[in-house]
A.B. asks: 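For reference, the structure I am asking about is given below.
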There are 2 protein chains.
Amino acid sequence: MEAPANVVNLRRRQRGERDPVRTREAILETATQEFAAKGLNGARVDTIAKRSRANKRMIYHYFGDKAGLYLAVLEKTYAAIRMAEIGLQLSDRDPVDGMKQLVQFTWNYFIQHPEFLSLLGTENLHRARYLKQSRRIRELHSPLIDMISKLIERGVRIGVFRPDVDAVQLYITIAALGFFYLSNRHTLSTIFGRELDTPERLATRGRHIEEVVLGYLRP
Amino acid sequence: MEAPANVVNLRRRQRGERDPVRTREAILETATQEFAAKGLNGARVDTIAKRSRANKRMIYHYFGDKAGLYLAVLEKTYAAIRMAEIGLQLSDRDPVDGMKQLVQFTWNYFIQHPEFLSLLGTENLHRARYLKQSRRIRELHSPLIDMISKLIERGVRIGVFRPDVDAVQLYITIAALGFFYLSNRHTLSTIFGRELDTPERLATRGRHIEEVVLGYLRP
DNA sequence: TCTGCAAGTAACCGATCGGTTACTAATGCA
DNA sequence: TGCATTAGTAACCGATCGGTTACTTGCAGA
């Protein structure tokens, strides 16, 4: 009995046994965690090798070098959020409802994908040096901008949104409101002396973000 | 002729000549740039020594180790923003004007102090490990929270602000709107294919942030 | 003016870590 | 079935880098 191709084998690989797809996948997944937790400079190739149960040599075999592995992680992470965004189906009745859905989608995606937030921070520390190398990511535009544009247009037409709202600015704003809270929760919670990532506090923040965006958009 | 005490001597120090205040200060300033540019792991002690024209041994003399130097940089940077915040004098007439001033102050401070944004990111990558060690920083609360509370209170009383606004949430929101744009400008500008830090674009973002905050606060 | 201590210098060291060498062996296909 | 290909292993290597050693020297206060 063999597992079908393209499906990752969950059984623990025996010494010497080959499974290139799974090995590559395991390295990539472990590397995502490691780069997200430690940044590009803090991440250790040996740690990734050990935790993914792959030989260090395999990392160089599949990804060339540490930077190549990091770039692969970045591409996978960006591709994942773009895929999720494409899957977002907004209510086509009320633009107010549609905007709420979009805002909550973004907030929930950030909560569920802390590795995306961390890698974004790391990549910016490096002045987007790696992202600039990836034609694939550069061309992977967010569909949210278009969705926001259309929502604004419809909302303005039926008089529920203010005019003269820039879709790109609003896109940045919606991301910003969630990103800052989650990305800086360690320093913020230390200074405020209270946890920020309990389910209640996260829900409270989610409501606030929605109120800010929708409050702003009122005519 | 000697320079008075506590005033940093600008003349280039000669070999062997002593000036402990200036040496310490030069190391701290250079370290701030280095840690902001490269993060804690990417920063190089030798680079800091060379650029500050101090002997590497002096870094260990004054700050113990690399982490001690980083903590000193963090403390200095936090103290600086708190000092600036304390110096902020808001219009005591119109709460709308007061809030605009507070929002623009925050935005301008972030533009003028990119090292603060970067260090904040670095510190959060390290899960606030160093900030937690500093009693000084932990007790250095932002006066902005209080200012926001009072502005909201007055604004609600005279009917220009909506009720039920949480001051801490709004504080986080005001910081978020500026932080995200500036901190992630490298990835954002790569994907949008346009510069984000020209004076015009910065002014546009500043206006947007103000509109979002004041738009939201309307009753 | 003497002197103890802090400030300063240069050379060095050992651990870490990204990357490589040299090799073995499983696998798919001619 | 045999063989080229490529997955996989283990041991190793050299550069980097945080930190130290061993020493010298300027200078404030006795």
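Remember, predicted model here, so these are calculated numbers, not experimental data. Residue numbers begin at 1 in each chain, while the letters A, B, ... track the order of the sequences.
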A.B. asks: Leu40(B) CG to dG18(D) P: how many Å, rounded?
C.D. replies: 10 Å
A.B. asks: Which is true for Ala43(B) with a 4.0 Å heavy-atom rule: it touches a base, it touches only sugar-phosphate, or it touches nothing?
C.D. replies: sugar-phosphate
A.B. asks: Inspect the contact between Arg207(A) and Glu211(A) and indicate whether a charged nitrogen and a carboxylate oxygen are less than 4.0 angstrom apart.
C.D. replies: no
A.B. asks: Using whole Å, report how far CD1 of Ile59(B) lies from P of dT9(C).
C.D. replies: 12 Å
A.B. asks: Using whole Å, report how far NZ of Lys56(B) lies from P of dT16(D).
C.D. replies: 13 Å
A.B. asks: Under a 4.5 Å cut-off applied to non-hydrogen side-chain atoms, are Ser142(A) and Arg82(A) in contact?
C.D. replies: yes
A.B. asks: Can you measure Asp46(A) atom CG to dC13(D) atom P for me and round it to whole angstrom units?
C.D. replies: 16 Å
A.B. asks: Rounding to a whole Å, what distance do you find between Tyr70(B):OH and dC17(D):C1'?
C.D. replies: 19 Å
A.B. asks: What's the CE-P distance between Met58(A) and dG19(C), to the nearest Å?
C.D. replies: 15 Å
A.B. asks: What's the CG-P distance between Asn55(A) and dT21(C), to the nearest Å?
C.D. replies: 15 Å
A.B. asks: Tell me: CZ of Arg44(B) to P of dG19(D), nearest whole Å?
C.D. replies: 11 Å
A.B. asks: Under a 4.0 Å N-O cut-off, is there an ion pair linking Arg201(A) with Asp197(A)?
C.D. replies: no
A.B. asks: Would you classify Tyr62(A) as touching base, sugar-phosphate or nothing, given that sugar-phosphate means primed atoms plus P, OP1 and OP2, and contacts are heavy atoms under 4.0 Å?
C.D. replies: sugar-phosphate
A.B. asks: Both Tyr60(A) and Arg57(B) contact DNA chain C. Taking the nearest nucleotide for each, which residue is further toward the 5' end?
C.D. replies: Arg57(B)
A.B. asks: Please confirm whether the shortest side-chain N or O distance from Thr23(B) to OP1 or OP2 of dA7(C) is below 4.0 Å.
C.D. replies: no
A.B. asks: Side chains of Leu170(B) and Tyr216(B): closer than 4.5 Å at any heavy-atom pair?
C.D. replies: yes
